[in-house]
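Index from 1, following the sequence. These figures come from a predicted structure and were not determined experimentally.
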Amino acid sequence: MTANLPPQYDPKATGTKWQKYWEDNQTFKADPETGGEPYCVVIPPPNVTGSLHMGHAFEETLIDVLVRYHRMTGRNTLWLPGTDHASIAVQTILEKQLKAEGKTRHDLGREKFLERAWEWKAESGNTITNQLRSLGVSVDWSRERFTMDEGLSAAVLEAFVRLYDEGLIYRGNYLVNWCPASQSAVSDLEVDQQEVEGHLWHFRYPLTDGSGYLEVATTRPETMLGDTGVAVNPQDDRYKHLIGKTVTLPILNREIPIIADEFVDPTFGTGCVKVTPAHDPNDFEMGKRHNLPFINIMNKDGTLNENAGEFQGQDRFIARKNVVKRLETDGVLVKIEDYKHTVPYSERGKVAVEPLISTQWFVKIDPLSQRALKELDQNNSPVFVPDRWTKVYRDWLVKLKDWCISRQLWWGHQIPAWYAVSETQGEITDTTPFIVAKTEAEAREKATAKFGKDVQLARDPDVLDTWFSAGLWPFSTLGWPDETKDLEFYYPTTTLVTGFDIIFFWVARMTMMAGHFTEKMPFDTVYIHGLVLDENGQKMSKSKNNGIDPLLLIGKYGTDALRYTLVKEVVGAGQNIRMEYDRKTDESKSVEASRNFTNKLWNAARFVMMNLEGQTPQQLGIPHPPQPPLAKGGREEDSLAKGGSDEVSLSQDGREGGSLELCDRWILSRYHQVVQQSRNSLETYGLGEAAKNLYEFIWGDFCDWYIELVKSRLQEDAEPNSKKVAQQTFAFVLEGILKLLHPFMPHITEEIWHTLTQTGDDQCLALQAYPEADTSLINPELEQQFELLFGTIRTIRNLRADSDIKPSLKVTAILQSESEKERQILSDGSVYIKDLAKVENLTVTASLDADLGQTIAGVVGTVQVLIPLAGVVDLVALRGKLEKKLSKVEAEIKHTAARLTNQKFVDKATPDVVQGARDALAESEKQAEILRDRLKLF
């Protein structure tokens with residue numbers, strides 16, 4: 001019985017089937033013991049709270065294409081999956097649940113709160129990994145990691161203690177991003193810069209000597225209560241005479257100095273800047289340079305403290321209004337301007353972040369960043385693709401400041417520091433002595449030796465910034481600090497695939513941590529991808545509510561269609577892509593086009609298998625033509641231009657085969673050309689280029705041309721040897737196509753391959769060898785000659801359509817060219833022209849007869865194509881038909897144009913209706929132009 005595919009392709013069933021097969025059979029389980037050349041990628045760990053969004057789908061698809069490709073090239077491949085514990089996100093979810101119950105985390109206590117957090121993780125924390133499975137990612141699930149699992153927690157402890165012992169971690173007061181909602185410090189990556197319509201308040205600070213005043217401006221007037229100076233540029237002639245004098249701070253009547261600092265831009269505003277060292281990062285640095293006092297006016301919940309005088313206890317935004325009222329009452333408010341500016345918001349807390357001085361734990365960055373810089377400058381490690389990101393990465397390393405790593409949360413890696421609270425009346429203060437250790441027992445032993453046996457210890461309640469454990473990810477997941485087989489074989493990893501928006505936060509932390517702890521960069525190459533933009537070219541975000549659900553598109557079109565769309569849209573590494581999407585219907589034309597491509601492949605494969613008579617590619621044999629004879633001078637003869645009679649024998653398991661015909665040699669040349677292009681593109685991260693080349697080859701060359709070219713050789717009465725060669729070439733190229741396409745569309749290719757090869761469950765396409773190009777079979781000249789044949793066939797088909805010639809009717813065609821070579825090509829390919837263009841009589845000539853009667857003509861390059869119409873078309877009837885069509889279209893143009901010139905219609909109709917009318921008018925005008933051109937032919 002002939003094996004074949006069902007008539008319809010079912011992407012959902014196919015996807016589920018092979019995802020289960022790969023995981024059940026541990027198809028992608030890595031083994032360092034087997035040796036070979038390693039290829040390792042660690043997944044950028046999504047948050048355990050996350051759900052699959054289009055950014056995930058894009059990034060994981062790109063990674064999977066690379067991983068599947070390198071696995072098929074024979075490399076010992078590991079793609080290691082895992083998730084991040086997402087301190088702030090998880091804590092926010094749990095505190096919302098508790099709030100609904102009328103409780104806080106403090107009502108539960110830390111231990112019960114963490115029990116509840118782990119319960120939540122067990123119940124809901126696998127959502128994102130299950131959704132990743134629906135993408136068909138070829139990860140090794142047996143090695144799945146979680147940043148708070150036992151092994152990674154041990155790695156975090158080791159890293160913290162080692163850095164502290166080396167003097168690279170310290171505790172101190174510093175300005176941090178403070179989220180009043182979560183009452184925790186937050187990292188720069190957890191801050192969303194939002195553009196807001198605000199105000200710029202201008203007010204006067206009187207000179208203490210009564211000789212005048214300075215005008216300053218701010219977007220946060222409440223912070224003036226913490227001002228300890230006013231700064232001007234030392235080169236600003238307007239204010240040079242005032243440097244060293246003082247002004248009196250309104251409301252609080254505090255005398256503050258006028259200082260000179262190069263930071264001040266004399267061209268911005270009045271050239272005077274109020275300095276609030278405790279509440280602005282730039283002012284913080286100025287305050288340090290000029291030894292200004294640091295006055296904190298804010299509590300951790302966003303209310304003002306005792307340093308704010310009469311505004312104590314007020315929320316910062318209430319205080320803002322009241323401070324402005326008081327300034328106006330006191331007569332020092334000059335003006336209020338509308339002002340659009342950027343405000344940092346806490347992504348999780350959804351409130352404006354407040355720069356706040358706080359006692360926190362910090363990593364000394366300079367020694368770590370210098371190591372990473374040295375690797376970059378001396379060894380160009382890691383390599384960035386595209387290269388333009390190298391400078392961005394380097395600039396960031398140069399500008400890095402000490403890293404605040406403590407967070408005022410409970411979910412996360414608790415800081416391994418124990419305070420001797422018995423030394424400070426039982427409280428943790430800024431001066432309480434502490435011990436850093438891996439365990440409480442170790443800390444107690446050290447504390448007892450230092451403070452005596454009665455010492456009382458309390459562990460630091462804070463947890464580490466999530467990015468601390470993320471910085472260890474490339475090597476901790478492989479077993480570090482233990483010397484494991486995985487770490488020895490797969491580290492450093494090969495490629496990191498990530499977005500440009502976290503080069504600064506994650507990539508730099510990984511290179512610094514890896515350089516310090518492993519003395520190696522954690523990856524050879526960093527492939528930076530762009531963003532997936534919405535249908536309007538806008539960045540997708542929760543605030544804009546313009547996300548596109550990849551799971552919805554997978555359900556509608558299939559996983560392979562979405563994957564292929566995402567990769568094929570990439571034009572050059574690192575470029576953004578735009579996703580076509582109709583929000584009214586939840587449809588995407590671009591993903592639908594990829595779904596149509598899967599259907600095209602499915603139907604082509606069915607046709608091929610129907611004509612293989614139950615034989616597999618292995619049974620049929622592989623086409624291996626010997627070299628064609630060489631002409632004088634050692635050049636291969638051009639067999640198409642020389643005539644189509646050259647016989648090139650096929651080897652079939654050592655037996656004599658039939659002869660490769662011209663179209664077989666053409667498709668094999670195109671196939672090996674595409675193999676070469678695919679390898680080159682994937683090796684150089686040209687994933688989009690590889691996808692597009694495959695699309696054009698499969699849809700155009702194989703499906704549209706080769707299948708049509710060989711159909712006549714597959715009939716029951718066809719010459720046996722010719723039929724055999726067609727079957728061999730069919731099977732060989734189809735199997736090669738499946739292998740080439742597999743990294744992009746793993747599910748459909750796996751399904752077709754199993755049916756084509758009739759392979760059992762003990763093998764799968766994912767582990768087959770990637771095709772290698774046989775350059776001896778690549779014949780660019782032959783391919784160019786076939787382009788002339790295809791152009792001729794297309795022209796004849798178009799002329800037939802323009803003349804309304806019935807599809808079943810065979811015609812006479814005349815091909816005229818002054819080029820002897822072109823005439824030879826056309827003559828040699830005449831069988832294909834006759835077959836595919838429905839031509840009965842074909843004449844190839846250097847010149848045309850004077851009287852050919854009524855003809856329709858077209859041109860292909862320098863070849864003129866003519867079809868005599870006598871006896872084929874009733875010209876009078878055809879002209880009448882075209883004129884009738886033109887009249888109808890012109891009437892439509894007149895009607896639509898009249899609507900659009902009617903101002904009432906334009907004003908009252910919805911924009912969609914108006915645009916629809918404009919589109920209809922443009923389409924009608926285009927049809928009219930085509931009809932007029934056709935009428936000129938007769």
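For Trp389 and Phe500, the distance between ring centers is under 6.0 angstrom. In summary, the aromatic rings of Tyr170 and Tyr164 are positioned with their centroids too far apart to meet the 6.0 Å limit. Close placement of the Trp361 and Phe160 rings is indicated, their centers lying within 6.0 Å of each other. Two rings, from Tyr213 and Tyr205, have their centers 6.0 Å or more apart.
With hydrogens and angles disregarded, a donor-acceptor distance shorter than 3.5 Å links the side chain of Asn546 to the backbone of Lys539. Arg110 places a side-chain N or O within donor-acceptor distance of the main-chain N or O of Pro461, the cut-off being under 3.5 Å. Put simply, the side chain of Arg578 never gets that close to the backbone of Gln538: no donor and acceptor are under 3.5 Å apart. Using modelled atom types, no side-chain atom of Asn299 and backbone atom of Gly302 make a donor-acceptor pair closer than 3.5 Å. A donor-acceptor pair under 3.5 Å links the side-chain atoms of Asp280 to the main chain of Asp283, judged by distance alone. A side-chain donor-acceptor contact under 3.5 Å links Asn305 to the backbone of Asn296. Between the side chain of Asn47 and the backbone N or O of Thr49 there is no donor-acceptor pair closer than 3.5 Å. Using a distance-only test at 3.5 Å, with no hydrogens or angles considered, no donor-acceptor pair links the side chain of Thr303 to the main chain of Gln314. At distances below 3.5 Å, at least one donor-acceptor pair connects side-chain atoms of Arg254 with backbone N or O atoms of Asp227. At distances below 3.5 Å, at least one donor-acceptor pair connects side-chain atoms of His279 with backbone N or O atoms of Pro355.
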Exercise. Verify side-chain contact (heavy atoms from CB on, under 4.5 Å) between Asn233 and Asp265, making sure each step is shown before the conclusion.
Key: CA-CA 7 Å; Asn233 190 286; Asp265 180 0; over 6 Å; no
Quiz prompt | Stepwise ring pair (Phe, Tyr, Trp, His ring centres under 6.0 Å) test for Trp410 and His106 | solution = CA-CA 10 Å; Trp410 284 357; His106 300 287; 5.2 Å; yes
Practice problem: Would you please test Thr218 and His202 for side-chain contact (heavy atoms from CB on, under 4.5 Å) and show each step? | Solution: CA-CA 7 Å; Thr218 180; His202 294 251; over 6 Å; no
Practice problem: Mind running side-chain contact (heavy atoms from CB on, under 4.5 Å) on Ile259 and Leu292 for me, showing each step along the way? | Solution: CA-CA 10 Å; Ile259 62 173; Leu292 298 178; 4.0 Å; yes
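Between Lys364 and Asp402 there is no salt bridge, since no side-chain nitrogen of the basic residue lies less than 4.0 Å from a carboxylate oxygen of the acidic one. Salt bridge Lys240/Asp236: absent, no basic N to carboxylate O contact under 4.0 Å. Between Arg326 and Asp330 there is a salt bridge, with a side-chain nitrogen of the basic residue lying less than 4.0 Å from a carboxylate oxygen of the acidic one. Comment: Arg162 engages Glu158 in a salt bridge, judged by a side-chain N to carboxylate O separation of less than 4.0 angstrom. A salt bridge is defined here as a Lys NZ or Arg NE, NH1 or NH2 lying under 4.0 Å from an Asp or Glu carboxylate O, and Arg407 with Asp462 fails to meet this definition. Here Lys321 does not pair with Glu222 in a salt bridge; the nearest charged N to carboxylate O distance is not below 4.0 Å. For the pair Glu354 and Arg220, the salt-bridge criterion is met [side-chain N within less than 4.0 Å of a carboxylate O].
Each of Val398, Val392, Leu400 was scored for a side chain to side chain contact (heavy atoms under 4.5 Å, CB included) with Trp396, with one residue passing: Leu400.
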